[in-house]
*Asks:* 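Starting off with a structure, shown below.
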Amino acid sequence: QVSAALREGRVGAGELCQRCLARVRGTGLLNAYISVAEDAALLEAEEAEKRYRRGQPLGVLDGIPVAVKDNFNTAGIETTCASNMLKGYISPYNATVVQKLLDQGAVLLGKTNLDEFAMGSGSTDGVFGPVRNPWSYSRQYKEKNPSKSHSENEDSEWVITGGSSGGSAAAISSFTCFAALGSDTGGSTRNPAAHCGVVGLKPTYGLISRHGLIPLVNSMDVPGILTRCVDDAAVVLGLLAGHDPKDSTTIQGAFKPFEIPDSIDVRKLCIGIPKEYHVPGLSSEIQALWSKATDLFKDAGAKVIEVSLPHTSYSIVCYHVLCTAEVASNMARFDGLEYGHRAAMKQSTESMYAATRREGFNDVVRGRILSGNYFLLKENYEKYFVKAQKVRRLIANDFVKVFGSGVDILLTPTTLSDAAPYVEFIKEDNRTRSAQDDILTQAANMAGLPAISVPAALSKRGLPLGLQFIGRSFQEKQLLTVAKWFEKQVKFPVIQLEDMKRHDCNVFQHQKSVS
Amino acid sequence: MSSPPISPSQQSLSLQNNFTCVSAVYKPAHENKEEQVPAAVLEHLERLALVDFRDAEGVQRLREAVRFAERLHEVDTEGVEPMDSVLEDRCLYLREDDVTEGNCTKELLKNAREKIEEYFVAPPGNIPLPKLEERETFEQQS
């Protein structure tokens, strides 16, 4: 719709950019952005406006403000991964997906906040502080949670965004931009999407280039797309997907961008409900919502059957081993020599590396590196790493079997419950939380399948609840078609954001303006 | 979904239960076996990873991680091949061996803290990380 407005001249790209930047400033309390590229964005918007006046926009995304998670390399704009290790690092190149967005004329507003190096499920563990869920400041949440007597307590009720792409999700949810990039390794795009009431798409592994995305787990990472509706996600997907010679894990073969049909014949669909996803910690609200969604499809004439993915309960353990192992390897590049933080130690190369890494990484990252190295030790390699790889195959085969038996799409919850208040969330450590929260989203990364989280309803506390659809490899069109149909049926309410400026005085704002 | 109104204090209690009960489910399978990671292995890990545990909490975290991973052994993987990548059935793309980009020495050096001409500068190498006991004196020399 915004694109149409730009084309028809109802609003200028420059003005749109100004308004979004003002929103970014107005929502500073959320801490969604690490760097805001104001001047660069305004310049890009100006260029876009000129193109529109000439009647030659680059495409649908021309002039549209977007945000990018801070683990994608962006030329000229600081890329930190919310870590001390990369503070001050300015990349000399753009990640392929960022370049593609810019080539289409998108206006890059800034880099969004995340868990340090995308490790976590709350967007609470970065060096720039946690991200706040915009719904904490919505009328819907406030109505269900009347604040206690004095104003100090108002500030402690806020809920987390989920993670690790929490900044991107918050940015979309609070109307500061129209599309955002996240990354998804264990659910990092879908988890915050569900908690913030936006659409979070994890494409099939190999569809979108990872060149420029600072890697966590090479065999599971994918760039994720966050938008306010499924149609937007399809548009962005169409622009980003495709083979990249710079990323050898992207598949060859032309990708045909598609438009989702407005209506589909649901009766031709077979929806699978994996029974193992009825995990013990699942809140009763989500259970009820899941059933309601199932009934929705049944009533529309679709075939809905219960299926089994027997190795689901092991996917978290498997992920734990494979992730830490790959992380141990991927984080080895951070030694202070060529880029990033460097310690003052001069005694020896190794001691300099050790000091740099001690100073640059937080506990979570260091913990994972050490665990990963443990699993990769010669005496443990077969026992843990290879074993986990075998279990991974079993998990992937589970899906192959189910999809092979005629099921088109799987319907599952995305998260165990609605967003937790920050003060509750931090009571458990990062690893425990990740193990709990990733359980429903993780398996899709194991098997490389596309998955999307669609906001479905509000919880008793007035917070968003999302449901997840998992599709067949490279069948994003079918996945998004079903997701759009579902989106139309549930008519998820728009967030009614209240003015956040009153709370600003208590909070330290560190947003930097990068030219 | 309508439900009887809950008083704020009851509400927060139920929230607490909702968020803390989950951790009870993920207790490791073998609670009685205390996975003792020998100190030699710990030191070896620190040297391999060039990252230190810092304190007892770090070591405890590793122990829990290992205990958590033990669950893998409940799965029967007889005759199963390890899976490296989900794209294993496809051919890897190989491009022509032509130089298409590069010559960006200046840009790349911009991010390095210590450099001389076109070299990255590192402290002397081939000096192994000292053992734990000697580390403090080693560092004080810097």
Side-chain angles (χ1 to χ4, degrees), chain A residues 89-90 92 205-206 219 245 248-249 251-252 280-281 283 288 311 314 317-318 320-321 328 337-339 342 345-354 357-358 361 366-367 369-371 373-375 384 386-394 396 416-417 420 424 428 431-432 435-436 447-448 460, chain B residues 1 3 8 15-16 18-23 25-26 37 41 44-45 48-54 58 61-62 64-66 68-69 71-75 77 80-87 90 92-93 95 104 107-108 110-114 120 122-125 127-129 138-139 141-142:
Chain A
Y89 168 67
I90 301 194
Y205 178 84
S219 62
S248 63
T249 57
I251 54 154
Q252 297 159 257
S283 84
H311 296 95
Y314 296 104
V317 193
C318 190
H320 167 73
V321 174
L337 211 50
E338 294 153 35
Y339 45 76
R342 179 175 176 140
M345 171 73 65
K346 287 187 206 294
Q347 286 299 98
S348 71
T349 316
E350 283 203 19
S351 62
M352 188 276 276
Y353 288 176
R357 291 156 74 83
R358 188 189 319 142
F361 293 140
R366 283 180 309 118
I369 294 175
L370 288 163
S371 308
N373 274 100
Y374 180 82
F375 296 131
Y384 295 102
V386 178
K387 179 87 184 178
Q389 287 190 308
K390 292 183 181 173
V391 176
R392 181 177 184 179
R393 183 178 296 282
L394 290 174
L416 295 175
S417 66
E424 282 297 323
E428 292 273 0
R431 193 186 62 80
T432 318
Q436 292 164 354
K460 276 199 294 267
Chain B
M1 284 167 275
S3 52
L15 278 177
Q16 215 168 16
N18 201 8
F19 293 120
T20 54
C21 73
V22 186
S23 53
V25 180
Y26 294 100
V37 183
V41 175
H44 185 47
L45 280 179
L48 279 180
L50 285 180
V51 157
D52 62 342
F53 285 98
R54 192 164 294 186
R61 235 180 274 134
L62 175 70
E64 279 169 18
V66 176
F68 189 54
R71 279 202 66 204
L72 274 180
H73 298 120
E74 293 169 17
V75 189
T77 51
V80 181
E81 282 298 304
M83 179 185 239
D84 291 311
S85 161
V86 292
L87 300 175
R90 293 173 191 258
L92 191 67
Y93 168 73
R95 66 186 179 104
C104 47
E107 279 91 4
L108 293 178
K110 261 196 216 151
N111 280 308
R113 297 269 171 104
E114 288 186 39
F120 294 111
I127 303 174
L129 208 57
F138 185 80
E139 284 168 18
Q141 286 165 18
S142 112

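Convention: sequence-line order gives letters A, B, ...; per-chain numbering from 1. Heavy-atom basis, side chains included; hydrogens, waters and symmetry copies ignored.
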*Asks:* Are L108(B) and P92(A) close enough that some pair of their side-chain heavy atoms sits under 4.5 Å apart?
*Replies:*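 Yes, their side chains come closer than 4.5 Å.
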*Asks:* Once side-chain contact (heavy atoms from CB on, under 4.5 Å) is applied, do any residues pair with T77(B), and if so which ones, sequence neighbours excluded?
*Replies:*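 side-chain contact (heavy atoms from CB on, under 4.5 Å) check on T77(B) returns K387(A), K390(A), V391(A), L394(A), V75(B), V80(B).
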*Asks:* What's the shortest heavy-atom distance between F361(A) and V51(B), and which atoms?
*Replies:*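 Minimum heavy-atom contact is CD1-CG2, 4.5 Å.
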*Asks:* For chain A, find which of P124(B), A69(B), P123(B), G58(B) contributes the most heavy-atom pairs closer than 4.5 angstrom.
*Replies:*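 The residue among P124(B), A69(B), P123(B), G58(B) with the greatest pair count is P123(B).
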*Asks:* Quick one: salt bridge (Lys or Arg N to Asp or Glu O under 4.0 Å) partners of R366(A), sequence neighbours excluded?
*Replies:*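 Here the qualifying residues are D363(A), D52(B).
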*Asks:* Among Y314(A), Y353(A), Y339(A), which has the most heavy-atom pairs under 4.5 Å with chain B?
*Replies:*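 The residue among Y314(A), Y353(A), Y339(A) with the greatest pair count is Y314(A).
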*Asks:* Flag the one option from I369(A), V386(A), V317(A) with the top tally of heavy-atom pairs under 4.5 Å to chain B.
*Replies:*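 Option with the greatest count: V317(A).
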*Asks:* Under a 4.5 Å cutoff for heavy-atom pairs, which residue among H44(B), R95(B), R61(B), R113(B) has the most contacts with chain A?
*Replies:*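 Heavy-atom pair counts peak at R113(B).
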*Asks:* In terms of the angle between their ring planes, are H320(A) and F68(B) parallel, tilted or perpendicular, with boundaries placed at 30° and 60°?
*Replies:*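 Rings of H320(A) and F68(B): perpendicular, as their planes differ by over 60°.
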*Asks:* Please classify the contact between A396(A) and chain B as side chain, backbone, both or neither, with a heavy-atom cut-off of under 4.5 Å.
*Replies:*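 Side chain of A396(A) only, per the 4.5 Å heavy-atom cut-off to chain B.
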*Asks:* Using a 4.5 Å cut-off on heavy atoms from C-beta on, say whether the side chain of C318(A) contacts that of H311(A).
*Replies:*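 Side chain of H311(A) against side chain of C318(A), heavy atoms only: no contact under 4.5 Å found.
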*Asks:* Show, in sequence, the C-alpha distance, side-chain angles and deciding distance for K110(B) and I90(A), and conclude whether the side chain to side chain contact (heavy atoms under 4.5 Å, CB included) test is met.
*Replies:* CA-CA 9 Å; K110(B) 261 196 216 151; I90(A) 301 194; over 6 Å; no
*Asks:* Using heavy-atom distances under 4.5 Å, tell me whether L87(B) contacts chain A through its side chain, its backbone, both, or neither.
*Replies:*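 For L87(B), the contact with chain A is made by the side chain alone.
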*Asks:* Using a 4.5 angstrom heavy-atom cutoff, name the option from L62(B), L50(B), V41(B) with the most pairs to chain A.
*Replies:*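 The candidate making the most pairs under 4.5 Å is L50(B).
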*Asks:* Select one option (side chain, backbone, both, neither) describing which atoms of E338(A) are under 4.5 Å from chain B's heavy atoms.
*Replies:*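 It is both, since atoms from each part get that close.
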*Asks:* Using non-hydrogen atoms and a 4.5 Å limit, figure out which bit of F120(B) sits close to chain A: side chain, backbone, both or neither.
*Replies:*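 Side chain of F120(B) only, per the 4.5 Å heavy-atom cut-off to chain A.
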*Asks:* If you count heavy-atom pairs under 4.5 Å between each of E114(B), E107(B), R90(B) and chain A, which one has the most?
*Replies:*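 Top option by heavy-atom pairs under 4.5 Å: E114(B).
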